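Worksheet: one structure, shown below.
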Amino acid sequence: MNTILSLTAIILVSFGTSFKESREATIDAVTKDVQAVYAEAKVYPAFTSNIIREKIEREEKVHIMDVNEALQAAQDAGCKYVVLQPTHMMYGLEYNEMKALAAPFADSFEKIVYGEPLLSTNEDISAVLKAVVPEIKTGKKEAIVFMGHGTEYFSNFLYAAMDYQAKLEGYNNVFVGTVEAFPSAEDVIALTKKAGFKSVTLTPLMLVAGDHANNDMAGDDDDSWKNQFLKAGFKNVNTLVKGLGEYSTVRKIYIEHIKDALEDLEEDDD
């Protein structure tokens, strides 16, 4: 038995989603995979959105812990070590909030360490591209447009960086935009048109396929990405409402980040 692992809690921190089917296919799938790999550890999923947590409890009668509750559960279970692993796309406001919530528990454990978000390095971006792009079936002259959330935090540049890296790695039909920041839908439409594409498949660059994917991307409102592309003259606009957490190879990236965080614990213990 791995002594450290048996005394460790792995808390998987997500913003959360009230879309039950997507939650089961993504966040729950990540949780199951992590528990399967680290069977000796205590694994707790936690949502940072109280609105989503309350909605799930009200509509489904299911309680999902917040970060404080998960940390308290780890303490009550006798854990000495904690790995807080975000399922977020990148470092940003949500990641900072996670660390702030954990700060009051610093003296409750021997050590708390933090795993990296999904897109933390060029290697991570490359791994996500290799995991997802080949799984998206497209026509010969069809673009793949990833829709990210976007953030006011400086790490928002990663969306444009991912677009750039996709081209460097030979994915010339891949474009990346955001709902709330740069690159915008208008930016991505302009770039895909300039590249000569007339058909596109839209898919979320998010762990879950929740409100943004179903409504902002694939919805019927005039300002949905689907309808914006159609209005811009694209002949075929397909939507793949599939969160990144549904790809087993993406889930493995989170597991690798947990492995790296656990190595930090083991080094301190030596």
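If you're wondering where the values come from, they're calculated on a predicted model, not measured in any experiment. Throughout, numbering of the chain's residues begins at 1 and tracks the sequence.
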Any chance you could measure [X], atom [atom1], to [Y], atom [atom2], to the nearest 0.5 Å?
X      : Y      : atom1 : atom2 : answer
Asp33  : Ser248 : CG    : OG    : 7.5 Å
Met206 : Asp211 : CE    : CG    : 9.5 Å
Asp260 : Leu265 : CG    : CG    : 11.5 Å
Lys80  : Gln75  : NZ    : CD    : 13.0 Å

Path from [X] to [Y] over hydrophobic side-chain contacts below 4.5 Å:
X      : Y      : answer
Leu71  : Tyr81  : no
Leu202 : Ile144 : no
Ile253 : Leu262 : yes
Val83  : Tyr254 : yes
Met98  : Ile52  : no

- request: Answer yes or no: are there more than 12 heavy-atom neighbours, outside Ile51 itself, under 6.0 Å from its atom CD1?
  value: no

field: Within 6.0 Å of OH in Tyr164, more than 12 heavy atoms from elsewhere
entry: no

Do [X] and [Y] have side-chain heavy atoms sitting under 4.5 Å apart?
X      : Y      : result
Ile136 : Phe146 : yes
Ile56  : Phe47  : yes
Glu263 : Lys259 : yes
Leu7   : Glu110 : no
Asp222 : Lys231 : yes
Leu207 : Ser14  : yes
Ile258 : Leu12  : yes

What residues, two or more places apart in sequence or in another chain, satisfy side-chain hydrogen bond (donor to acceptor under 3.5 Å, both in side chains) together with [X]?
X      : answer
Ser120 : none
Asp223 : none
Thr8   : none

Verdict with reasoning, Ser18 to Glu59, per side-chain hydrogen bond (donor to acceptor under 3.5 Å, both in side chains): CA-CA 9 Å; Ser18 59; Glu59 296 180 356; over 6 Å; no

Can you give me every donor-acceptor pair (side chain of residues 125-135, partner residue at least two apart or in another chain, under 3.5 Å) with its distance?
from: Ser126; atom 1: OG; to: Glu169; atom 2: OE1; distance (Å): 3.1
from: Ser126; atom 1: OG; to: Glu169; atom 2: OE2; distance (Å): 3.0

message: Quick test of your reading: applying salt bridge (Lys or Arg N to Asp or Glu O under 4.0 Å), list the pairs with at least one residue in residues 189-203, sequence neighbours left out, ordered by first then second residue.
response: none

- request: Not counting sequence neighbours, list each pair that qualifies as a salt bridge (Lys or Arg N to Asp or Glu O under 4.0 Å) and has a residue in residues 151-167.
  value: Asp163-Lys167

For residues 234-244, run the donor-acceptor check on the side chains, cut-off 3.5 Å, and write out each pair with its distance to 0.1 Å, sequence neighbours left out.
from: Asn236; atom 1: ND2; to: Ser199; atom 2: OG; distance (Å): 3.1
from: Asn238; atom 1: ND2; to: Glu142; atom 2: OE2; distance (Å): 3.0

message: Using the ring pair (Phe, Tyr, Trp, His ring centres under 6.0 Å) criterion, which residues pair with His212? Sequence neighbours excluded.
response: His149

task: Scan residues 170-205 for pairs that pass ring pair (Phe, Tyr, Trp, His ring centres under 6.0 Å), counting only residues two or more places apart or in two chains.
output: Phe175-Phe197

statement: So the ring pair (Phe, Tyr, Trp, His ring centres under 6.0 Å) pairs with at least one residue in residues 83-127 (sequence neighbours excluded) are Tyr91-Tyr95

message: Determine whether a donor-acceptor pair (N or O, by modelled atom type, separation under 3.5 Å) exists between the side chain of Asp124 and the backbone of Thr121.
response: yes

message: Given 3.5 Å as the limit, does a donor-acceptor pair link the side chain of Asn173 with the main chain of Lys141, or not?
response: no

Quick one: closest heavy-atom pair of [X] and [Y], and the distance?
X      : Y      : answer
Pro104 : Ala100 : CD-O, 3.4 Å
Ala41  : Ile10  : CB-CD1, 4.0 Å
Gly115 : Pro86  : O-CD, 3.3 Å
Thr192 : Ala143 : CG2-CB, 4.2 Å
Ala209 : Asn214 : O-ND2, 3.0 Å
Trp225 : Val179 : CZ2-N, 4.1 Å

query: Checking side-chain hydrogen bond (donor to acceptor under 3.5 Å, both in side chains) for the pair Ser224/Asp221: CA distance, chi angles, key distance, verdict?
result: CA-CA 5 Å; Ser224 72; Asp221 290 345; over 6 Å; no

message: Set out, in order, the CA-CA distance, both residues' side-chain angles and the distance that settles side chain to side chain contact (heavy atoms under 4.5 Å, CB included) for Leu118 and Thr87, then state yes or no.
response: CA-CA 7 Å; Leu118 184 64; Thr87 63; over 6 Å; no

- prompt: side chain to side chain contact (heavy atoms under 4.5 Å, CB included) between Met90 and Tyr159: does it pass, once the steps are laid out?
  reply: CA-CA 10 Å; Met90 58 189 64; Tyr159 293 109; 3.5 Å; yes

- request: Show your reasoning for whether side chain to side chain contact (heavy atoms under 4.5 Å, CB included) applies to Ile64 and Arg23.
  value: CA-CA 12 Å; Ile64 297 175; Arg23 186 172 73 246; 4.2 Å; yes

Name every donor-acceptor pair, under 3.5 Å, that has one atom in a side chain of residues 24-31 and the other anywhere in the protein, sequence neighbours excluded.
from: Thr26; atom 1: OG1; to: Ser22; atom 2: O; distance (Å): 2.5
from: Thr31; atom 1: OG1; to: Ile27; atom 2: O; distance (Å): 2.9

message: Go through it in stages, so that I can follow the logic: the residues are Tyr153 and Asn96, the test is side-chain hydrogen bond (donor to acceptor under 3.5 Å, both in side chains), and I'd like the CA-CA distance, side-chain angles, deciding distance and then a yes or no.
response: CA-CA 11 Å; Tyr153 204 69; Asn96 293 346; 3.2 Å; yes

Check against side chain to side chain contact (heavy atoms under 4.5 Å, CB included), Gln85 and Val34: CA-CA 11 Å; Gln85 175 59 52; Val34 171; over 6 Å; no

message: Distance alone, cut at 3.5 Å: any donor-acceptor contact between the side chains of Thr48 and Glu94?
response: yes

field: All pairs passing side chain to side chain donor-acceptor pair (under 3.5 Å) where residues 63-74 contributes a residue, at least two apart
entry: Arg53-Glu69, Glu57-His63, His63-Glu69, Gln72-Asp76

